[in-house]
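Data block below; observations after.
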Amino acid sequence: MSSGGFSPLQGMSDIAPPEVGLWQRVESVARSLFPLYGFEEIRTPILERTPVFTRAIGEGTDVVQKEMYTFDDRGGRQVSLRPEGTAGVIRALCELGPDFAEARVFYIGPMFRAERPQAGRKRQFHQIGVEALGAPSPAADAECIAMQMHLVEQWGLGGAVLHVHTRGVAADQAAVRAGLIEAVRPHLGALCEECRRRHETHPLRILDCKNPGCRAVVDTLPPVMSFMAPESRAYLDEVVARLGALGVPAQVDPRLIRGLDYYEHTIWEITHAALGAQDALAGGGRYRIDLDGRAVEGVGFAMGVERVIMALMGAGVKVEDYRGRPDLWLVAVGDRAREENLALAQQLRRRGAAVGLDTSGRSVKAQMRAANRRGAPWVAVRGDDELAAGRCQLKDMAAGAEQSVTVGELIARFAKA
RNA sequence: GUGGAUGUAGCUCAGUUGGCAGAGCGCCAGAUUGUGGCUCUGGUUGUCGCGGGUUCGAGCCCCGUCAUCCACCCCA
């Protein structure tokens with residue numbers, strides 16, 4: 001049911017139980033895996049001065065031109081909600097100085113793009129990303145990709161496919177552009193209207209057009225890499241070879257392109273069949289970002305958490321399995337037991353046990369039902385008789401069997417600390 | 001930004017040519033005075049997304065608006 005005039009903005013969602021449990025698992029698996037590769041967490045502001053993004057991502061990109069949430073703050077500064085993580089993280093690392101020239105960091109948090117929502121696309125969405133600074137090195141790229149595939153594996157997500165390609169260096173990009181424009185020119189008539197229009201402006205876009213006519217033309221074109229310098233092709237070959245040595249199968253995909261300007265050399269994408277039209281689970285690449293005259297080089301990736309969750313659910317994961325369960329549930333018969341149970345619950349919780357109880361004085365039956373609903377494996381029932389004896393009835397909910405235990409025994413049994 | 005579909009109970013959804021607002025599940029209670037799940041019985045739940053219009057009468061028709069879903073563009 002909607003909450004009237006207070007419903008969330010378009011493309012903004014609440015993440016609540018039970019699915020939030022799956023989110024927590026996805027995040028905690030990432031948090032414990034990245035340190036194995038020497039990556040530490042960094043948390044940067046969600047709001048930045050607009051040029052931080054426009055300069056790094058590229059003035060002409062769609063993300064900057066039509067998808068950023070940009071406005072003037074109270075001091076009249078032009079600010080934007082971050083549309084991706086890399087630009088802000090690089091900005092932050094620069095502020096930290098030269099010690100961070102070889103920084104390895106990861107981040108987890110919300111990003112914002114004012115697009116029309118659809119499957120796997122929100123206006124506020126969430127990314128898990130990493131950045132590894134350093135000069136171009138096929139080994140560094142392969143290590144980064146291998147870590148990412150390791151993470152996918154740790155999530156238990158089968159069926160993810162890694163596609164790799166290269167953008168080459170800046171000189172290659174100009175050569176690719178010019179070469180592609182010439183190669184496509186004889187086939188202009190076979191292209192869709194959209195591709196004809198962008199032939200001169202965004203020739204790379206023709207490569208990933210979904211129109212069948214355009215795909216047929218693209219299949220006849222020389223590979224993009226043929227326009228690049230031999231060194232650039234060798235770089236990609238080396239990345240693929242290193243991945244192979246690490247047991248990570250990579251598929252070189254000549255149609256793969258990336259929309260952000262800062263990419264250079266290796267680019268990649270991980271897709272998953274369970275996702276529908278937006279089938280990219282993650283994207284990454286090597287980049288070179290100029291900030292205030294200094295060039296920062298590095299490699300990194302971003303994974304869409306919403307899409308990871310979708311893929312996991314598509315693979316049969318049930319969110320209910322990730323809901324927290326109490327270790328014990330306390331049931332009270334009468335007002336005195338109800339008061340005593342609250343104190344007992346507190347005592348147990350201080351010693352690390354997850355304890356549930358009903359404080360509203362409902363019937364025993366209703367309290368038992370609540371315990372069952374929350375999946376409590378054990379229930380302790382106390383009334384006046386048990387209070388007087390310092391005992392309680394401990395019930396095994398799966399077996400249905402009940403035994404009388406002292407309160408001391410109960411605490412010893414459920415205390416974890 | 002463009003195109004299509006949808007919006008009715010907590011959830012999933014019926015609702016005929018415009019004529020009393022429905023089902024299943026859930027929830028609550030009882031069968032069982034202090035014991036859950038299974039069964040049976042009874043009960044509860046509505047701004048029909050919101051705002052206008054047409055009509056004797058609108059959940060249904062018309063206009064607007066908000067949101068959701070799907071696709072395009074683009075991206076994670």
Side-chain angles (χ1 to χ4, degrees), chain A residues 1-13 57 61-68 82-86 108-129 148 192-195 197-198 202 204-205 208-211 256-260 268-272 275-285 300-311 329 331-334 337 358 362-387 392-402:
Chain A
M1 195 73 302
S2 84
S3 38
F6 295 103
S7 58
L9 292 169
Q10 184 173 44
M12 311 269 173
S13 303
I57 298 167
T61 59
D62 281 3
V63 168
V64 164
Q65 282 203 328
K66 48 184 216 192
E67 294 170 4
M68 281 214 295
R82 62 184 186 193
E84 55 95 63
T86 302
I108 297 177
M111 309 292 164
F112 301 83
R113 290 184 200 172
E115 304 175 273
R116 197 73 166 267
Q118 72 185 79
R121 169 185 292 164
K122 295 280 182 190
R123 288 185 163 188
Q124 175 175 339
F125 61 107
H126 299 78
Q127 288 188 334
I128 296 175
Q148 191 178 20
C192 69
E193 192 186 335
E194 172 73 21
C195 285
R197 182 146 34 82
R198 63 191 173 189
H202 297 100
L204 277 166
R205 282 279 161 233
D208 70 345
C209 183
K210 289 169 187 166
N211 179 292
L256 179 61
I257 62 175
R258 306 253 77 201
L260 310 185
W268 71 89
E269 208 166 275
I270 297 174
T271 60
H272 196 278
L275 294 184
Q278 313 302 321
D279 66 349
L281 198 65
F301 62 72
M303 319 188 73
V305 180
E306 281 81 359
R307 294 186 186 179
V308 170
I309 302 274
M310 276 178 75
W329 198 273
V331 168
V333 186
D358 186 317
R362 296 195 297 160
S363 70
V364 171
K365 176 190 286 234
Q367 293 180 66
M368 290 298 292
R369 215 172 10 235
N372 185 60
R373 220 182 352 252
R374 296 298 303 271
W378 296 93
V379 170
V381 183
R382 293 204 292 180
D384 289 338
D385 294 349
E386 287 84 358
L387 283 175
C392 64
Q393 293 292 326
L394 181 61
K395 180 166 187 170
D396 176 339
M397 293 295 272
E402 214 170 61

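Given the structure is predicted, the values throughout are model-derived calculations rather than measurements. A, B, ... follow the sequence lines: proteins, then strands. Residue 1 opens every chain.
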Which nucleotide wins on minimum distance to the side chain of [X], given the candidates [options]?
X	options	answer
A:D62	B:rC74, B:rG34, B:rU32	B:rC74
A:R307	B:rA76, B:rA71, B:rG34	B:rA76
A:R113	B:rG34, B:rC75, B:rG30	B:rC75
A:Q278	B:rG34, B:rG36, B:rC75	B:rC75
A:M368	B:rC28, B:rG34, B:rG36	B:rG36
A:Q10	B:rA29, B:rC74, B:rU68	B:rU68
A:S363	B:rA29, B:rC28, B:rU35	B:rA29
A:K365	B:rC74, B:rG36, B:rG34	B:rG36

Touch check for [X], heavy atoms < 4.0 angstrom, all strands: base, sugar-phosphate only, or nothing?
X	value
A:A398	base
A:R382	nothing
A:G129	nothing
A:A282	sugar-phosphate
A:E115	base
A:G375	nothing
A:G400	base

Notebook entry, point to check: If you round to the nearest 0.5 Å, how far is CD1 of A:I57 from CD of A:E67?
Noted result: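 Answer for the CD-CD1 pair, A:E67 versus A:I57, is 10.0 Å.
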
Check: Got a second to check how far A:L256's CG is from A:L204's CG, nearest 0.5 Å?
Finding: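 Here the rounded value is 10.5 Å.
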
How close or far is atom [atom2] of [N] from atom [atom1] of [X], stated in whole angstroms?
X	N	atom1	atom2	answer
A:I309	B:rA76	CD1	P	19 Å
A:E269	B:rC74	CD	P	13 Å
A:E193	B:rC72	CD	C1'	14 Å
A:L275	B:rC70	CG	P	11 Å
A:R82	B:rA76	CZ	P	15 Å
A:R362	B:rG36	CZ	P	13 Å
A:R373	B:rC11	CZ	P	17 Å
A:R123	B:rC75	CZ	C1'	14 Å

If the [atom1] atom of [N] is compared with that of [M], how far apart are they to the nearest Å?
N	M	atom1	value
B:rA29	B:rC62	C1'	47 Å
B:rG52	B:rC20	C1'	26 Å
B:rA21	B:rC60	P	13 Å
B:rC48	B:rA58	P	12 Å
B:rG24	B:rA14	C1'	10 Å
B:rG64	B:rU2	P	14 Å

When you measure only distances, ignoring hydrogens and angles, does the side chain of [X] come within 3.5 Å of the base of [N] through a donor and an acceptor?
X	N	value
A:E402	B:rU35	yes
A:E386	B:rG34	yes
A:R116	B:rU2	yes
A:R258	B:rC75	no

With both distances kept under 3.5 Å, what pairs with [N], Watson-Crick or G-U wobble?
N	value
B:rG3	B:rC70
B:rU33	none
B:rG24	B:rC11
B:rG59	none

Does [N] have OP1 or OP2 sitting under 4.0 Å from an N or O in the side chain of [X]?
X	N	answer
A:R205	B:rC73	no
A:R374	B:rG36	no
A:Q118	B:rA71	yes
A:K122	B:rC69	yes
A:K395	B:rG36	no

Next item on the list: Hey, which sits more toward the 5' end of RNA chain B by its nearest nucleotide, A:R369 or A:D385?
Entry: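 Its nucleotide being nearer the 5' end, the pick is A:R369.
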
Item checked: Closest-nucleotide ordering on RNA chain B, the 5'-leading residue of A:S13 and A:E306 ->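 Counting from the 5' end, the first nearest nucleotide belongs to A:S13.
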
Checklist line | CA sep, side-chain torsions, deciding dist, call: A:K122, A:E306, salt bridge (charged side-chain N to carboxylate O under 4.0 Å, His left out) | finding: CA-CA 8 Å; A:K122 295 280 182 190; A:E306 281 81 359; over 6 Å; no

Next item on the list: Would you list the pairs meeting side-chain hydrogen bond (donor to acceptor under 3.5 Å, both in side chains) in which at least one residue belongs to residues 372-382 of chain A, sequence neighbours left out?
Entry: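 side-chain hydrogen bond (donor to acceptor under 3.5 Å, both in side chains) check on residues 372-382 of chain A returns A:N341-A:R382.
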
Could you tell me whether a side-chain N or O of [X] sits under 3.5 Å from a main-chain N or O of [Y], the two making a donor and an acceptor?
X	Y	answer
A:R123	A:M12	no
A:Q367	A:A332	yes
A:R113	A:V63	no

Next item on the list: Quick one: do A:Q148 and A:W268 satisfy side-chain contact (heavy atoms from CB on, under 4.5 Å)? Show the steps, please.
Entry: CA-CA 11 Å; A:Q148 191 178 20; A:W268 71 89; 2.7 Å; yes

Notebook entry, point to check: Could you go step by step and tell me if A:R116 and A:R121 meet the side-chain contact (heavy atoms from CB on, under 4.5 Å) rule?
Noted result: CA-CA 8 Å; A:R116 197 73 166 267; A:R121 169 185 292 164; 5.8 Å; no

